[in-house]
Structures are given as structure tokens and as C-alpha cells.
Undergrad: 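Got a structure for you, written out below as C-alpha cells; questions coming shortly.
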Amino acid sequence: MALSKPLFFTYLKTLNPKPHYYSLSPSFISIRLLSFATPEEAAAERRRRKRRLRIEPPLNALRHHQQPQRRPQNPIPTSNPNAPKLPDSFGVLTGNRLKLHQRILTLIRENDLEEAALYSRHSIYSNCKPTVFTCNAVLAALLRQSKYSEFLSFHRFITQASVVPNVVTYNLLFTAYCDCKRIDSALDHYKLLINNAPFNPSPTTYRILVKGLVDNARLDRALEIKDEMLAKGLLPDPIVYNHLMLGLVKSGDSDGVLDLYNEMKEKVGFVSDGVVYGSLMKGYFQKGMEKEAMDCYNEAVGEDSKVRMSAVAYNWVLDALNKNGMFDEAKRLFDRMMEEHNPPGRMSVNLGSFNVMVNGYCAQGRLTDAIGFFKRMGEKNCSPDTLSYNYLIEQLCGNEMMAEAEELFKEMGEDMISSPDEFTYMLLVNTCLEKNRVDEASKYFAKMAETSTLRPNAFSFNKIIDALIESGKIDEAKGWFDQMVEKLKTEVASYESMLRVLCEAGKLDEALKMVGDMLMNDDLGLSSEIKEVVTDALRREGREEDLPRVIEEKEREKAEILAKKEAEEIAKNSLADNKRVNSLPSMKFSELLGKGTKDEALEVGEVNKSVSAEVLAESEAETLEVREVVPESFSAEVDVTANNIPEVIDEVGEVVNESVSAEVLANESEAEILEAREVVTETFTAEADVIANNIPEVIDGNVLVDEIQGTKTGTVE
DNA sequence: CTAGGGTTAG
């Protein structure tokens, strides 16, 4: 996906927040009141707090009614521990934290994202905690490189480490979810933002969400979100409207297109942003009202037009012309844009302009002209990205111009921007296969597999495997099959068909080895039908006793593994029990909080922390997990207890409820959490948090990666 | 000048 550049700009832009999002004073940050002399006093404080919450509703409740431009009123400073925390203000980005920020930015610039993320994670526990701006920079970088699972893991990490997200953090998260087509997750977090965050969504928020919804055929919801935006008193954003209008065009609702345009016009008088005129033209064209479409055209680009036409706005108009048979007019406009282009002051052409023209000429079947436009990018210092290449290569492949396609392929760069991706390779592989050039196809496939970055999906693997089998290259096919098994979760059916092929080819030893692998894999197993196939093949060579032998062997191996596992489990449990016993002082946590001094409680917290870390940390990753929840603040130590040793929840339940607060609110969470929270919306105390934290994490990074890989690589037919 | 480097194509 060619998001990188625009996203980066979005980030840069939002990095400069509007002052009013951050205008609350830092002194507002809540101070936890944790130690009470007696349980009675704790209870009294609890009651007081509930009363107070009734009198002073949480900040978000007030926020709904205020004008967006107005500074949020600072209701009651410091005393409400359940109040949402405010994100860092720019003021904190000084001294060491600024230095840290710059070092991480340097790492990002050097494209050492792994180091940047790791460094940030470690700094959380240093005396120089990264600001939310630094975290956002890391998130944005991960997003730019489509590292979604790392993105989500990092995001989860910083939320659990109580880095308070700002609107940019939310926007990055929305973008990540939308990119992965997990629009509902994005909406869940939008709801969290609306309900809990001490700031409003920005126009960018609405652009991301509306586009995400439109792209995922959720026009109705997109329109609702737009209305929510208006209800907040924000002006109609032309970009949001354009997304919606394009969505309506796509679904054939041309009246809707015109309605939206008129709605915007009604609200702002005159629509000076040219970005909507292309979709407006499309609406008229769709109604067969060519004259009106061209009136819009003239309004937008005519001699004395007052409409501001950016490159993007022009591109939409170009597209509208091209898609409605007005290529000559498009060409005239394009030439004018080229002439008008005068950077840095006036930017009227960009990469998209060329792409739109390339698309238009391809649609007419004028491939050579399309290549001509493609080559002209350099004139205006534009360079094609992967998507631009892929589009043209696909068109060329589909029009018997394989030589030209391969030429372009060779041009594709080493850089992230224009390097070939899975789609590129599979285009070439498929085209070669269609022409029965199996060896060349295999060569392209091999080239893709050699890269460290590209991950062909199962569909791609099967494509080349089947083709190789069909042309009798069983060994080569088996080679790819083995790689597929190593890299991807492979379906039983794939194993079976490969197995059949091996049997048919009389490669019995390999077949038996594969049977062994299948038996050892709990997800696979061996159907009686496939057993039959193998037995038949063996019988032909007089080796029918080999199969039962292998089966028996594997059963034994499996039993051994199982026994070993059980033994380990027992050992581990008793170890854990010991530690649990050793950590028993933590059971007195609540008492200490009630009766003892804070210092004593802290001491227990300390013990507790290290013990739970020990108990839980079985791997590096889990150590990180634990460290994620190990907080700076004493109160969150209760979190560790509550999160990690469920039994303790009962013991310290009251205390937990009182002290675990909104910091967990912004947790990586899904609909359930929202629901859980709904129950206690008025006072949103920790009950919901505890519930929420016990809900198993829904996000599974690996699953996600595969999903993305699936959607991204797709199928090239 | 009080926005807008936003968008499209597999």
C-alpha cells in the first residue's frame, strides 16, 4: 500500500497540535490517594469519591457540549483519581527527553526501526521516559513500513506503560486498523476516544475513519460519523465529504453525491476547496447530466474560478474526465497542470497526476501512450512507487506486452518506495505460466523467495507448486512445498495432494517422511483415504509394511513428547506454587494498605512485583510483557497483582477497585471492554478495568500478519 | 494569508 508518504505528512502535520487540544494545565494530572489509616476511612473516601463524581461528571461528559474551539473547562483539578490523564504537552519535550526524542528520530531516519522501538521500550523504565511524541514517531514509522503487528505490540506496550495517548496516537492507531481492514477495531477505539479521552478528535481522525469505512463498504456508518463530526461543531471537511461522495459514486447513488455537495455548500456558502469537484462531476456524469458535469468542471478550472485547485483536486477532475470518455479534455487539463506547476510555490502536478493519466490511457487500450506518460514523471521530479509500477505492469502483461513489462520490472528500485512486492512477482509468475514458460516463472518465484522482506502466501506457493508438478518437475515442486510448510500454516489438503504426487512418482521415502511429519502435526493427521493411497504405492514396491512401521514409530515419539511435557508441567507448577507461597505477603496487601504505612505496602509491592515477574517471565517476550505492566507508580503495582495472579483480585478487590484507575482505560481493547465499561459509565471505576483485563487479548500479532499478507498479496489471476 | 503535500490504480 502506498501510504507511506501521505501518512508521514499527516503525522508531521498532526505533530503540531492545535493548542486547544492540549490546553489543560499539567497540574490537572491526578494524584492518587491511596493510603488510608483504616478500612473505614478507605470506604468513606470511596463514598466521597462517588458523591463527587455525581456532582462533577467526568471530563468527557462536559466535553460533549463545549464548542470545539473553546478551552475545555478545568472542572476540579487534582482531586479526581478517575479523571482521564492528559497527554504530554509540548513543554515536556525538553532536556534529556528531547535528546532521547532526537536519537530515536535519528534511528528512524536510518531505518533502524527495530532499534528505535527497542530503545523506546527500554527508556520507559529509565529515568528518561519517552514522551508521547517520541512514541508516536516510532508508531508512525512502523505504520509507514506496514509493520502492523509490531505497531500494535508497541502501541499496547506504551498504553500499558501509561504513556498517555494524544490525538495523533489515536489517529495512527485508526490508520493501522483501517489498513488491516479491521474497521470495527478502529471504531471501538474511536468510541474510547470519544468517551474517555480528554481531547476531541481532530479533522484527521474523521478523514481516516470515514475513508476506512467507505473503503470497506460501510457507507452508512461513514455518513453517521460525518454527522457526528458536524454535531461536534466542526466545519464540514471537504476531504471527508469527498471520500463520502466517491463512495456514493461507487455505489451508484448519484443523488446522494449531489445532496452531500449541497449540504456542504449550504453550510459554508461557497465550496472553495477543489477536491470535491471531481466527485461532483462523477455524480452528474452518472446521472447522464453531462452539461452540468462540465459546468462544474468550468466552475473548478475555468478562467476566473475562485476554486483552489491542489494537485489532488486536479487529479480527481482528471479522473472524472478520463472515466467518462473525455480523454482529450483530460489531456488538455493535464498539459495545463504541467505548465502551471511551479514548485515550491505552486504544486499542481504530482505522482498521482501521472498515474491517473496512465490509468486513463490503459483503459483506452493505448498502452504505448500510457508508458509515455509513465516515463514523463521525471519531468516534474516525480518517481513512480510500487503501486504505479504494478498497475502498468499488469496492464502490459494483460496486453501481450510482456517484454515491456519485464523492462519496467528491471527498473524497479531497491528502495521501499518502488521495490517489487509480492504482487509484482506474482504478476510476472502468472504471465510466464500462461505462456507455458514454467522455468522463467520459477525463476521469478525464486527471486521473490530470496528476498528477506517478501512473504508469498499459500495461494502463490500453490500456484508455482502446481505448475511445476504439471510439467513433471516434482523435486522442484517439493522444494517449494517444504519452504511453504516452513513458513506458513499449510492446509491438510495441500499435504495430501503433494503426498499423492510423491506416491505417483514413486518417491516413496519422501512420501513416508511426509507421512511422518503429518502424523507429528496435531492439526493434520492421516485420513484413511490417504493411507490407502500410500499403502498402494508401497505395495507396488513390496514395501507395504513400511507404513504401519512409520505410524507406530511416530505414535511412540508422540507419547514420549507428551510424557516429557507433562513432567515439565508438574515441575513448573510446583515451582510456581513455591513462589506463590513465598509471595504470600502480597496477600496482605489490602491489609497493609488499610492499616499499615505506605512504605510497608510499597515493600510488599516490590516483592510482589519481582515475584510475579519471575513466575510469569518464561521467555524474553514475556519478561517484556511483565515489565510492561510493572509500573512506576505504587498503585499500578496493584495492577500487576490483579492482572497476573487472579486469585489475589478477591483479596485486594476493594483496593484494586479503588486504586486502579483510568490509566488502564486506554488499554488495547475490544468491544467487550467497551461493553464492560458501559456498565459503569457514570463512575467508570475499576470494576470494568478488572473485567477488561481478564478478557483475553484479542489481538494476535501473527494472525494479523497473515491476514494482512493475505489481503495484500491477494490473488493474481 | 486565517490550512490542508489530501487522492487514484492491483
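Note on naming: letters A, B, ... go to the chains in the order of the sequence lines (proteins, then strands), and numbering restarts at 1 for each one. The figures here come from the full heavy-atom set of this structure, side chains too, leaving out hydrogens, waters and symmetry mates.
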Undergrad: Base, sugar-phosphate, or nothing: which does A:N242 touch, judged by heavy atoms less than 4.0 Å apart?
TA: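 No contact.
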Undergrad: Could you give the OH-to-P distance, from A:Y277 to B:dT8, as a whole number of Å?
TA: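 After rounding, the reported distance stands at 20 Å.
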Undergrad: Is the phosphate of B:dT8, meaning OP1 or OP2, less than 4.0 Å from a side-chain N or O of A:K211?
TA: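 Looking at the OP1 and OP2 atoms of B:dT8, one of them is under 4.0 Å from a side-chain N or O of A:K211.
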Undergrad: Test of understanding: with salt bridge (charged side-chain N to carboxylate O under 4.0 Å, His left out), list the residues that count as partners of A:D253, not counting sequence neighbours.
TA: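 Salt bridge (charged side-chain N to carboxylate O under 4.0 Å, His left out) list for A:D253, sorted by chain: empty.
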Undergrad: What integer distance in Å separates A:D237:CG from B:dG4:C1'?
TA: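 A:D237 atom CG is separated from B:dG4 atom C1' by 8 Å.
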Undergrad: Which of these nucleotides, B:dT7, B:dT8, B:dG4, is closest to any side-chain atom of A:P203?
TA: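 From the listed options, B:dG4 comes nearest.
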Undergrad: Ring-plane angle category for A:Y170 and A:F174, please: parallel below 30°, perpendicular beyond 60°, tilted otherwise.
TA: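 Rings of A:Y170 and A:F174: tilted, 30 to 60°.
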Undergrad: Verify salt bridge (Lys or Arg N to Asp or Glu O under 4.0 Å) between A:K443 and A:D439, making sure each step is shown before the conclusion.
TA: CA-CA 6 Å; A:K443 239 188 275 170; A:D439 288 331; over 6 Å; no
Undergrad: Tell me the interatomic distance from A:Y206, atom OH, to B:dG4, atom P, rounded to whole angstroms.
TA: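 Taking atom P of B:dG4 as the reference, OH of A:Y206 is at 22 Å.
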Undergrad: Starting at the 5' end of DNA chain B, which residue's closest nucleotide do you reach first, A:S388 or A:P238?
TA: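 This one resolves to A:P238.
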Undergrad: A:L392 CG to B:dA9 C1': how many Å, rounded?
TA: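 Roughly 11 Å, once rounded to whole Å.
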Undergrad: Can you sort out which residues in residues 309-335 of chain A have a heavy atom within less than 4.0 Å of DNA chain B? Ascending by number, please.
TA: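 A:S310, A:V312, A:N315, A:W316, in order of number.
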Undergrad: Would you indicate which nucleotide in B:dG5, B:dT8, B:dG6 comes nearest to any side-chain atom of A:V356?
TA: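 Selected nucleotide: B:dT8.
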Undergrad: Nearest-Å distance, CD1 (A:I239) to C1' (B:dA3)?
TA: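 A:I239 atom CD1 is separated from B:dA3 atom C1' by 9 Å.
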Undergrad: With sequence neighbours left out, what residues match A:Y389 under side-chain hydrogen bond (donor to acceptor under 3.5 Å, both in side chains)?
TA: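 Here the qualifying residues are A:E411.
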Undergrad: My understanding is that only residues two or more places apart in sequence, or in another chain, count here; which of them pass side-chain hydrogen bond (donor to acceptor under 3.5 Å, both in side chains) with A:E450?
TA: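 Applying side-chain hydrogen bond (donor to acceptor under 3.5 Å, both in side chains) to A:E450 gives none.
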Undergrad: Under the salt bridge (charged side-chain N to carboxylate O under 4.0 Å, His left out) rule, collect the residues that match up with A:E340, sequence neighbours excluded.
TA: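 Residues passing salt bridge (charged side-chain N to carboxylate O under 4.0 Å, His left out) with A:E340: A:R336, A:R346.
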Undergrad: By side-chain hydrogen bond (donor to acceptor under 3.5 Å, both in side chains), which residues pair with A:D369, not counting sequence neighbours?
TA: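 A:D369: side-chain hydrogen bond (donor to acceptor under 3.5 Å, both in side chains) contacts with A:R366.
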Undergrad: So, does the side chain of A:D273 form a donor-acceptor pair with the base of B:dG6 at under 3.5 Å?
TA: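 Indeed there is one.
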Undergrad: Provide, to the nearest angstrom, the distance between the CG atom belonging to A:L246 and the C1' atom belonging to B:dT7.
TA: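 About 8 Å, once rounded to whole Å.
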Undergrad: Can you tell me how far P of B:dT8 sits from OH of A:Y361, to the nearest Å?
TA: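 Atom OH in A:Y361 sits about 22 Å away from atom P in B:dT8.
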Undergrad: To the nearest Å, how far apart are A:Q395 CD and B:dT8 C1'?
TA: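 Atom CD in A:Q395 sits about 14 Å away from atom C1' in B:dT8.
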Undergrad: Side chain of A:R207: nearest nucleotide among B:dG5, B:dA9, B:dG4?
TA: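 Among B:dG5, B:dA9, B:dG4, the one nearest the side chain of A:R207 is B:dG4.
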